[in-house]
Amino acid sequence: NIIDYGEKIIFQSLNRLIITDIGNKKFQFVPATNTLLKSFKVGNKIYFQESGKGLYEVKSGKAFMVNNSQILKENVIVGLYKVEGKLLILTDISGFYFLENKRLKKWKIDGEKSFQGNKLYCSLRLSDGSFAIGSISSGLIWMDAEGKVIMELNRANGISNNTILSFFEDQNKNLWLGLDNGNDCVNIKSPFLEYNEKKKKIGA
């Protein structure tokens with residue numbers, strides 16, 4: 001993972017963060033004892049998750065524990081956002097949680113039903129406040145800012161592959177999907193929906 005942080009670029013490996021100061025040509029290293037799972041830029045802050053330990057914030061080149069609840073020890077964080085002044089955490093198996101007063105509080109939403117039985121891998125908060133959520137083997141779940149599902153896309157109804165590894169929203173508000181095999185572009189602002197039946201079921 002690579003994070004653009006002003007005049008600094010942060011590289012994530014499996015066992016440390018490398019903070020590169022482009023102007024001064026200096027490096028800082030933030031080591032991890034266990035596997036470094038994911039790193040995130042939220043506002044002007046940098047966070048990372050260490051396997052079996054929890055969520056950390058990087059301050060002045062050093063790691064400080066933010067939360068080490070059992071949920072974050074057993075789940076992988078696939079999305080980290082600032083919503084109404086609070087951190088919103090999306091996990092790969094257990095769904096969304098708000099971090100309030102150093103405790104995790106479940107965000108109970110209608111969209112939670114779409115997570116059941118799925119393993120989530122990545123997410124992106126779009127410019128309109130909605131959430132694009134990518135799963136392993138079940139495609140895209142697109143939710144509004146209140147947690148209601150707008151649309152689910154998978155190989156049966158439009159996209160090329162059911163495993164989504166990354167997202168990108170371009171300046172025209174198109175959503176690009178980095179798939180297990182290739183890329184797809186979803187024009188989410190289009191008033192038209194094209195449906196291609198790939199399972200070739202009888203009917204019209």
Side-chain angles (χ1 to χ4, degrees), residues 1-5 9-19 30-59 62-109 111-126 129-143 145-147 149 163-169 175 177-178 180:
N1 190 25
I2 301 173
I3 299 174
D4 182 358
Y5 193 64
I9 298 176
I10 301 175
F11 299 89
Q12 177 202 323
S13 71
L14 291 176
N15 56 13
R16 65 181 177 176
L17 293 181
I18 304 168
I19 305 173
V30 182
T33 305
N34 298 339
T35 302
L36 218 163
L37 299 173
K38 298 262 188 175
S39 55
F40 306 89
K41 180 184 177 184
V42 182
N44 62 351
K45 296 182 179 181
I46 301 297
Y47 299 89
F48 70 86
Q49 183 186 18
E50 187 173 345
S51 174
K53 288 193 173 184
L55 179 65
Y56 291 83
E57 180 183 347
V58 178
K59 298 179 181 178
K62 295 183 179 180
F64 294 86
M65 175 66 72
V66 174
N67 187 274
N68 62 349
S69 66
Q70 198 63 28
I71 291 168
L72 299 189
K73 290 179 180 179
E74 296 175 350
N75 290 260
V76 176
I77 298 173
V78 298
L80 193 63
Y81 307 98
K82 199 81 167 182
V83 177
E84 297 178 355
K86 296 176 288 189
L87 275 181
L88 179 62
I89 300 169
L90 176 59
T91 65
D92 63 337
I93 297 173
S94 300
F96 279 104
Y97 291 85
F98 277 107
L99 182 60
E100 298 182 60
N101 300 320
K102 298 183 179 181
R103 293 188 177 184
L104 294 182
K105 182 179 179 180
K106 185 73 174 176
W107 187 28
K108 297 179 181 179
I109 53 175
E112 190 82 13
K113 299 172 186 175
S114 297
F115 299 164
Q116 295 174 1
N118 290 327
K119 185 177 178 65
L120 308 180
Y121 188 83
C122 61
S123 68
L124 177 67
R125 193 171 193 203
L126 305 181
S130 63
F131 295 91
I133 300 167
S135 69
I136 299 292
S137 78
S138 296
L140 165 70
I141 302 166
W142 179 27
M143 292 188 342
E146 282 71 47
V149 173
T163 296
I164 300 176
L165 304 177
S166 63
F167 289 112
F168 175 74
E169 183 182 20
L175 179 62
L177 316 180
D180 193 35

K.L.:
Give me the atom names and distance for the closest heavy-atom approach of R125 to F131.
P.N.:
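Scanning both residues, the minimum pair turns out to be NE-CZ, 3.6 Å.
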
K.L.:
Which distance, rounded to the nearest 0.5 Å, do you find between the CE of M143 and the CD1 of I109?
P.N.:
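Rounded to the nearest 0.5 Å, the CE-CD1 separation comes to 3.5 Å.
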
K.L.:
Hey, mind stepping through Q49 and L80 against side-chain contact (heavy atoms from CB on, under 4.5 Å) and telling me if it holds?
P.N.:
CA-CA 11 Å; Q49 183 186 18; L80 193 63; over 6 Å; no

K.L.:
Checking N67 side chain against S69 main chain: does a donor-acceptor pair fall under 3.5 Å?
P.N.:
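Yes, N67 side chain to S69 backbone: donor-acceptor pair under 3.5 Å.
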
K.L.:
If I compare all heavy atoms of I164 with all of G139, which pair ends up nearest, and what's the gap?
P.N.:
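That closest heavy-atom pairing would be CD1-C, 3.5 Å.
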
K.L.:
Going through the distances and angles, do Y56 and F48 end up as a ring-ring contact (aromatic ring centres under 6.0 Å, His included)?
P.N.:
CA-CA 5 Å; Y56 291 83; F48 70 86; 5.2 Å; yes

K.L.:
Among I46, L36, I3, which one satisfies side-chain contact (heavy atoms from CB on, under 4.5 Å) with Q12?
P.N.:
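Option passing the side-chain contact (heavy atoms from CB on, under 4.5 Å) with Q12: L36.
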
K.L.:
Check side chain to side chain contact (heavy atoms under 4.5 Å, CB included) between I9 and all other residues, then give those that pass, not counting sequence neighbours.
P.N.:
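Side chain to side chain contact (heavy atoms under 4.5 Å, CB included) check on I9 returns I2, F11, I22.
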
K.L.:
Any donor and acceptor pair, going by atom type alone, linking the side chain of E57 with main-chain N or O of K45 inside 3.5 Å?
P.N.:
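Such a contact is absent between E57 side chain and K45 backbone.
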
K.L.:
Could you check if a side-chain atom of F40 sits within less than 4.5 angstrom of a side-chain atom of I77, using non-hydrogen atoms only?
P.N.:
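Touching, per the 4.5 Å side-chain cut-off.
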
K.L.:
Would you say the side chain of V30 lies within less than 4.5 Å of the side chain of R16, judging by non-hydrogen atoms?
P.N.:
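The answer is no, as the side chains (C-beta and beyond) never meet within the 4.5 Å cut-off.
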
K.L.:
Kindly check if the number of other-residue, nucleotide or ligand heavy atoms within 6.0 Å of OH (Y121) is above 12?
P.N.:
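Check fails, neighbour count at 12 or below.
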
K.L.:
Minimum heavy-atom separation for S166 to C122, with atom names?
P.N.:
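Taking every non-hydrogen atom into account, N-SG, 3.6 Å.
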
K.L.:
Please give me the minimum heavy-atom distance between S123 and G79, naming the atom from each residue.
P.N.:
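Shortest heavy-atom contact: OG-CA, 3.2 Å.
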
K.L.:
Between S13 and N15 (side chain of the first, backbone of the second, donor and acceptor by atom type, cut-off under 3.5 Å), is there such a pair?
P.N.:
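Yes; at least one donor-acceptor contact below 3.5 Å.
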
K.L.:
Before you tell me yes or no, could you show the steps for S135 and L120 under side-chain contact (heavy atoms from CB on, under 4.5 Å), namely the whole-Å CA-CA distance, both residues' side-chain angles and the distance that decides it to 0.1 Å?
P.N.:
CA-CA 4 Å; S135 69; L120 308 180; 4.1 Å; yes

K.L.:
So, for S138 and N118, which heavy atoms are closest and what is the spacing to 0.1 Å?
P.N.:
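In terms of heavy atoms, the two residues are closest at OG-OD1, 2.6 Å.
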
K.L.:
Does E50 use its side chain to pair, donor to acceptor, with the backbone of N34 at less than 3.5 Å?
P.N.:
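At least one qualifying donor-acceptor pair exists.
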
K.L.:
Could I get the full list of side chain to side chain contact (heavy atoms under 4.5 Å, CB included) partners for S137, not counting sequence neighbours?
P.N.:
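Counting only residues at least two positions away or on another chain, S137 forms no side chain to side chain contact (heavy atoms under 4.5 Å, CB included).
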
K.L.:
Kindly indicate whether the side chain of F167, heavy atoms from C-beta on, has any atom under 4.5 Å from the side chain of L177.
P.N.:
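Side chain of F167 against side chain of L177, heavy atoms only: contact under 4.5 Å found.
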
K.L.:
Let's go through W142 and S130 carefully: what are the C-alpha distance in whole Å and the side-chain angles of both, what is the deciding distance for side-chain contact (heavy atoms from CB on, under 4.5 Å) to 0.1 Å, and is it a yes or a no?
P.N.:
CA-CA 7 Å; W142 179 27; S130 63; 3.0 Å; yes

K.L.:
Do I10 and S39 come within less than 4.5 Å of each other through their side chains, counting heavy atoms only?
P.N.:
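Heavy-atom side-chain distance check fails, nothing below 4.5 Å.
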
K.L.:
Could you walk me through whether N68 and K73 pass side-chain contact (heavy atoms from CB on, under 4.5 Å), step by step?
P.N.:
CA-CA 7 Å; N68 62 349; K73 290 179 180 179; 4.3 Å; yes

K.L.:
Please tabulate, one pair per line, all N/O donor-acceptor pairs under 3.5 Å involving side-chain atoms of residues 82-96, not counting sequence neighbours.
P.N.:
{"residue": "T91", "atom": "OG1", "partner": "S94", "partner atom": "N", "Å": "3.0"}
{"residue": "T91", "atom": "OG1", "partner": "G95", "partner atom": "N", "Å": "3.0"}
{"residue": "T91", "atom": "OG1", "partner": "G95", "partner atom": "O", "Å": "3.0"}
{"residue": "D92", "atom": "OD1", "partner": "V76", "partner atom": "N", "Å": "3.0"}
{"residue": "D92", "atom": "OD2", "partner": "K119", "partner atom": "NZ", "Å": "2.7"}
{"residue": "S94", "atom": "OG", "partner": "N75", "partner atom": "OD1", "Å": "3.0"}
{"residue": "S94", "atom": "OG", "partner": "N75", "partner atom": "ND2", "Å": "3.4"}

